[in-house]
Amino acid sequence: MKLKRRGLLGGFNRFRLMLTLGLAVVLPAAALIYVNFSQLRAFERDKVLEAAIHRDFQEMLAITEKKMNKKAFSMTEDARSLFPAPGSDVEEKEKKLDEILANSPWLTHVFIYEDDVLVLRSQPGQMNDNYIRKEHDHIAESYPGWFGIEGKSIVEGLNKKKRPMSFSTYQTKRANGNVYLTSALFVLPEYSKDEVAIGGVTFDACYLEHTFFPGVLNEQVTEKLTEQGGNEVALMVYPADMEMGPEAKPLATCAAGWGDGKPEVSRKLDDVFRGLALGIKYQGTSVEALGQTWVHRSFLILGFLSLMIVGGLVLTRHIVNKELALARLKSDFVSNVSHELRTPLALIRLYAETLELGRITTQDKKQQYYRIIRKESERLTALINNILDFSRIEAGRKEYEFRNTDIAELVRNTLESYRYQIEQQGFAFEENIDPNLPAVPVDREAIARALVNLVNNALKYSRDEKFLGVKLYRENGVVKLEVADHGIGITRRDQSKIFEKFYRAGDPLVHNTKGSGLGLSLVRHITQAHGGEIAVESTPGKGSRFILSLPLTSAMQQPAV
Ligand code: ADP
């Protein structure tokens with residue numbers, strides 16, 4: 001009945017534990033893993049990372065364009081501020097414009113139009129280039145007529161702007177092929193707003209291609225790298241009407257070059273560099289590849305973390321099960337011990353009372369009763385000693401007193417006080433003690449207790465074939481004490497556990513035999529304190545042999561509990 005109740009209680013605890021583990025840990029962990037996996041799947045499907053990178057790229061291109069515009073504006077502004085003052089004659093104008101050209105080698109042509117007269121100057125060093133001279137002549141011929149008709153509305157248009165400048169970028173020819181030129185028209189600072197006075201500059205195509213564009217692009221690449229790190233980007237400027245095929249040549253790129261492939265994101269330029277476009281991609285990899293790597297890596301990490309969670313759960317379950325088992329062993333221990341204390345006490349009381357009443361007349365009977373009382377009180381003492389030792393060990397207060405001892409004599413004496421009991425229980429007793437053993441440093445009481453525990457176990461766990469063998473001999477520099485029986489034996493699984501505190505094997509005979517599960521854990525503690533070892537060899541149904549080895553020299557240590 002008792003057992004049943006305990007089983008039920010244990011089962012209930014287990015159920016509660018599993019429920020708690022399930023509800024509080026497994027479910028949230030599973031939900032977390034599931035949500036993360038599906039989120040990653042969604043990321044993979046919707047290409048969320050790719051979209052984010054594209055947005056980032058678009059923003060970067062917008063900033064790059066702004067920077068290019070700002071730079072072009074400020075360079076033009078610089079040149080504009082040096083333009084001739086109102087009322088200068090042609091000669092003065094030419095001189096001023098030549099000065100501007102000398103100061104700004106990045107300009108090819110500069111001109112000023114005022115009072116129907118166009119004063120145009122071009123970089124003297126470039127005038128022997130046929131194309132540039134033709135360009136010069138073309139401007140000189142066509143601009144006066146154009147300004148004569150459109151001049152007024154151009155000036156009006158310019159004056160309406162925040163900055164009175166307008167830019168145009170167009171393709172033209174040079175000796176080495178097509179190039180892009182950017183020109184600016186502006187009204188002049190000190191002139192009145194009604195006057196048709198227009199200034200203009202044309203940026204050198206070579207300068208734009210080799211210095212201006214690469215400069216801004218590089219600045220952007222470096223800024224991105226220092227700000228955000230990660231993969232290096234490639235930037236380029238290319239003609240807007242050009243489909244970026246494999247053979248297409250960018251107009252200008254950042255220092256690291258463009259590499260192969262189309263831009264991930266492109267932006268047609270407006271305002272200053274209309275007609276050109278900006279392209280961006282990653283150096284040496286594509287956004288798609290990056291996205292895939294990222295998703296794969298995330299899946300791997302998530303998989304690994306999930307495994308860790310599952311492992312943690314399994315471990316927790318294992319530990320909790322162990323704790324539960326220990327709790328069960330403890331409660332078994334309490335009931336076993338109280339039972340074990342009560343039985344000898346009841347016997348002692350019964351026999352003592354009978355003797356006291358004087359009803360026993362024969363001396364033989366009296367002797368038998370005295371023996372029973374002695375035996376039971378010895379059993380009680382042994383049990384109480386075990387419990388006391390155990391509690392000292394648990395509290396870390398157990399101390400051993402090692403003294404050089406004739407171990408053969410110690411074993412013989414200890415067995416002597418048990419001989420009667422052994423033989424009376426019908427055991428064949430075989431004692432084999434080497435009389436020539438050297439003195440060994442031991443704690444006498446502790447070793448005697450270990451032996452008594454082993455002998456008691458041999459007596460307790462034997463059924464039909466009653467045999468007890470005790471051997472003491474020397475082998476390989478250690479003294480070995482062997483206690484053998486032909487009893488019920490111990491399964492291989494139990495052999496590794498019987499030395500743990502409170503552990504008792506599941507055999508029905510074991511459960512019908514009284515015990516506390518402390519004896520062998522004490523034996524192990526005592527042996528280890530002597531620097532020795534305890535081993536067991538056993539075959540279920542055939543018998544067991546416990547071998548306690550003690551070093552000859554003192555190698556004592558306080559073992560862990
Ligand atoms: P107790 O004997 O009080 O149960 P022990 O610590 O002495 O505690 O032994 C632990 C367990 O080891 C026993 O319950 C029993 O299952 C097993 N055992 C110990 N000695 C023997 C033996 N000689 N033969 C069979 N089983 C044994």
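First listed ligand is number 1; within each ligand, the first listed atom is number 1.
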Within the 4.0 Å heavy-atom shell around K460, which atoms of ligand 1 are there?
1 (P), 2 (O), 3 (O)

Where on Y503 is there a heavy atom closer than 4.0 Å to ligand 1, on the side chain, on the backbone, on both, or on neither?
backbone

Starting from atom 12 (O) of ligand 1, which protein heavy atom do you reach first, and at what distance in Å?
I498 CG2, 3.1 Å

Taking both backbone and side-chain atoms of S521, is any N or O found less than 3.5 Å from an N or O belonging to ligand 1?
no

State whether the number of non-hydrogen atoms from other residues, nucleotides or ligands found under 6.0 Å of E445 atom CD is greater than 12.
no

What do you reckon, does G487 put a non-hydrogen atom under 4.0 Å from ligand 1?
no

For the student: nearest non-hydrogen atoms of A256 and Q283, plus distance:
CB-NE2, 3.3 Å

Can you tell me if E430 has over 12 outside heavy atoms packed within less than 6.0 Å of its CD?
no

Which one of V233, V237, T222, L217 satisfies the side chain to side chain contact (heavy atoms under 4.5 Å, CB included) criterion with C254?
L217

Should F546 be listed as contacting ligand 1, given a heavy-atom distance under 4.0 Å as the test?
yes

Numbered in order shown, the ligand 1 atoms found under 4.0 Å of a heavy atom of L518 are 6 (O), 8 (O)

Return yes when atom CD of E356 has more than 12 non-hydrogen atoms of other residues, nucleotides or ligands closer than 6.0 Å, and no otherwise.
no

Heavy-atom contacts under 4.0 Å between I490 and ligand 1: side chain, backbone, both, or neither?
side chain

Counting each atom of ligand 1 from 1 as listed, which ones have a heavy atom of N457 under 4.0 Å away?
2 (O), 5 (P), 7 (O), 9 (O), 19 (C), 20 (N), 23 (N)

To which protein heavy atom is atom 3 (O) of ligand 1 closest, and what is the distance rounded to 0.1 Å?
S516 N, 2.7 Å

Over all atoms of both residues, closest heavy-atom pair of P551 and V478:
CA-CG1, 4.2 Å

Is any side-chain heavy atom of F546 less than 4.5 Å from a side-chain heavy atom of L520?
yes

Ligand 1 contact on A505 by region, counting heavy-atom pairs under 4.0 Å
both

Could you list the atoms of ligand 1 found under 4.0 angstrom from a heavy atom of G489?
25 (C)

Measure D485 to ligand 1 on non-hydrogen atoms and call it side chain, backbone, both or neither using the 4.0 Å cut-off.
side chain

Minimal non-hydrogen separation, I393 against Y400, with atom names:
CD1-OH, 4.4 Å

Determine whether any heavy atom of N453 lies closer than 4.0 Å to an atom of ligand 1.
no

If you count every heavy atom of other residues, nucleotides or ligands that lies below 6.0 Å from R41 atom CZ, does the total exceed 12?
no

Would one find an N or O of G517, backbone or side chain, under 3.5 Å from an N or O of ligand 1?
yes

Distance filter under 4.0 Å to R504 heavy atoms, resulting ligand 1 atoms:
1 (P), 4 (O), 14 (O)

Does NZ or CZ of K471 lie under 6.0 Å from the centre of the six-membered ring of Y473, at an angle within 45° of the ring axis?
yes

To atom 18 (N) of ligand 1, the nearest of F502, Y461, F499 on a heavy-atom basis is Y461

Has E401 got more than 12 heavy atoms of other residues, nucleotides or ligands less than 6.0 Å from its CD?
no

Which protein non-hydrogen atom lies closest to atom 5 (P) of ligand 1, naming both residue and atom, and how far is it?
L520 N, 3.5 Å

